[in-house]
Amino acid sequence: MKYSEIKTMEDLERAQRSVRAGLDAKKEAVRCSVMGVRESYSPSNIMMSGLRAVSSVIPVDRILLVAVEAIRKKFTSRQEQ
């Protein structure tokens, strides 16, 4: 709605609701964007990205994942006993 179109209080309130709705939509878009960045740049994702860049010849990331899985299994088997 254009400023020149606002003639009554009802028009003003309608324009305010429209502006608030637009701001809420933009706020939600920013929140989703931040959440996406937060997920993309988690410590584990950053570490794995670095490992992939370094390990073009040797699959260091797979070796580390196998090691972490073995350690995890060892700790979980101890807790069950």
Side-chain angles (χ1 to χ4, degrees):
M1 176 175 271
K2 294 181 182 179
Y3 179 75
S4 61
E5 295 174 355
I6 299 174
K7 303 290 184 197
T8 65
M9 278 303 279
E10 186 177 305
D11 292 341
L12 178 62
E13 289 170 355
R14 190 177 316 117
Q16 287 175 337
R17 282 193 301 271
S18 175
V19 168
R20 282 190 198 105
L23 288 174
D24 288 343
K26 286 185 180 187
K27 181 172 73 172
E28 182 63 21
V30 168
R31 188 187 72 76
C32 289
S33 176
V34 168
M35 294 302 291
V37 168
R38 185 180 289 168
E39 289 174 10
S40 295
Y41 290 103
S42 68
S44 60
N45 284 343
I46 291 172
M47 184 180 84
M48 291 308 294
S49 176
L51 285 174
R52 283 189 197 104
V54 170
S55 65
S56 61
V57 178
I58 302 171
V60 177
D61 55 344
R62 291 189 186 115
I63 293 169
L64 286 175
L65 287 174
V66 169
V68 167
E69 182 66 21
I71 292 169
R72 189 185 66 80
K73 283 182 182 178
K74 187 170 187 167
F75 282 121
T76 56
S77 67
R78 281 187 182 176
Q79 290 177 353
E80 292 175 359
Q81 294 176 357

Using the test salt bridge (charged side-chain N to carboxylate O under 4.0 Å, His left out), find all partners of R17 that sit at least two apart in sequence or belong to another chain.
-> none

Which residues share a salt bridge (charged side-chain N to carboxylate O under 4.0 Å, His left out) with R31, sequence neighbours left out | E28

Partners passing side chain to side chain donor-acceptor pair (under 3.5 Å) against S42 (at least two apart in sequence or in another chain) | S44, N45

Listed partners of R72 passing side chain to side chain donor-acceptor pair (under 3.5 Å), at least two apart | E69

Report yes or no: do L65 and I63 belong to one cluster of Ile/Leu/Val/Met/Phe/Trp/Tyr joined by side chain heavy-atom distances under 4.5 Å?
-> yes

Determine whether V19 and I6 fall in the same hydrophobic cluster, where Ile, Leu, Val, Met, Phe, Trp and Tyr are linked whenever their side-chain heavy atoms lie under 4.5 Å apart.
-> no

Report the residues that fulfil side-chain contact (heavy atoms from CB on, under 4.5 Å) with T8, sequence neighbours left out, ordered by chain and then residue number.
-> E10, D11

Does V37 sit in a hydrophobic cluster with other residues, and if so which ones, taking ILVMFWY side chains as linked at heavy-atom separations under 4.5 Å, directly or through other members?
-> Y41, I46

